[in-house]
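Sequence positions, counted from 1, serve as the residue numbers for this chain.
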Amino acid sequence: MIMEKKRMDCPALPPGWKKEEVIRKSGLSAGKSDVYYYSPSGKKFRSKPQLSRYLGNSVDLGCFDFRTGKMMPGKLQKNRQRLRHDHLTIKLFWEKRLTGLRSSDVTEEVLRTMELPKGLQSVGPDSSDECLLSAIASALHMSSAPITGQTSVGAEKHPAVWLNTSQPLCKAFTVTDEHIREQELKVYQARRTLEQALMADGLARVAENTRDLLE
């Protein structure tokens, strides 16, 4: 396949970044092109998400058009309008449908419900910790955006009007370094407990096999 490569500076990105357009000159895909970007160190990027993860917060790529290499504010506005429309079409308080559902283990014994931190307070009519837990779990699994809770003061008085459907049904909260350390400690303790249980189970199996061989 014959290809033509054009590499040029990309003013929309920090100094040293290059944009490369590879145009196919033959075959069934003749006339089509692929776009790539190269960092000052020569690292190659094939997609906007890949580029965004690498640059992080140093560059706002919200209105960056990957194909043209230009900032297009009009495109960002359209995306915001589309996202707002999507949010408005989400049924309010849909998490309440999960109320009453319980998880169970293989023996069909109901598992104990998690206890939420005292700093997390529910928002909305007839809200409960159980409903809030479902909302937070859903937000973590369905969205890549930060979880902040309901930042609008009006959400407490008129949730049906001011509710941000992309956030769980709780008041705004802040996660501190102390909170993170506490959770890391809990995870470490849980892993240690699991490790000890697996080791005890393994030793019991070895002892049982040994007895069978001696008999």
Only one of Y54, Y36, F66 forms a ring pair (Phe, Tyr, Trp, His ring centres under 6.0 Å) with F45, so which one is it? Y54
With a 6.0 Å cut-off (strictly less than), is the heavy-atom count around CD of E178, excluding the residue itself, greater than 12? no
Under 3.5 Å donor-acceptor pairs involving side-chain atoms of residues 14-23, not counting sequence neighbours:
residue	atom	partner	partner atom	Å
K18	NZ	D9	OD1	2.3
K19	NZ	R67	O	3.1
K19	NZ	T68	O	3.3
E20	OE1	Y38	OH	3.1
E20	OE2	R7	NH2	3.1
E21	OE2	S33	OG	3.3

is_close_aromatic(Y37, F64), centroid dist under 6.0 Å: yes
With a sphere of 6.0 Å drawn around NZ of K5, does it hold more than 12 non-hydrogen atoms of other residues, nucleotides or ligands? no
Rounded to the nearest 0.5 angstrom, the OG-NZ distance for S39 and K44 is 12.5 Å
Go through the structure and list residues passing side-chain contact (heavy atoms from CB on, under 4.5 Å) with L185, not counting sequence neighbours. Q189
Check this for me: does any side-chain nitrogen of one of D34 and R46 sit under 4.0 Å from a carboxylate oxygen of the other? no
Between CE of M199 and CD of E195, what distance do you get to the nearest 0.5 Å? 5.0 Å
Counting heavy atoms not belonging to M8, are there more than 12 under 6.0 Å from its CE? yes
In plain terms, say whether R181 and E184 are close enough for a salt bridge, that is, a side-chain N and a carboxylate O under 4.0 Å apart. no
R205 and E208: CA distance, side-chain angles, deciding distance, salt bridge (Lys or Arg N to Asp or Glu O under 4.0 Å) verdict: CA-CA 5 Å; R205 289 177 182 274; E208 185 179 353; over 6 Å; no
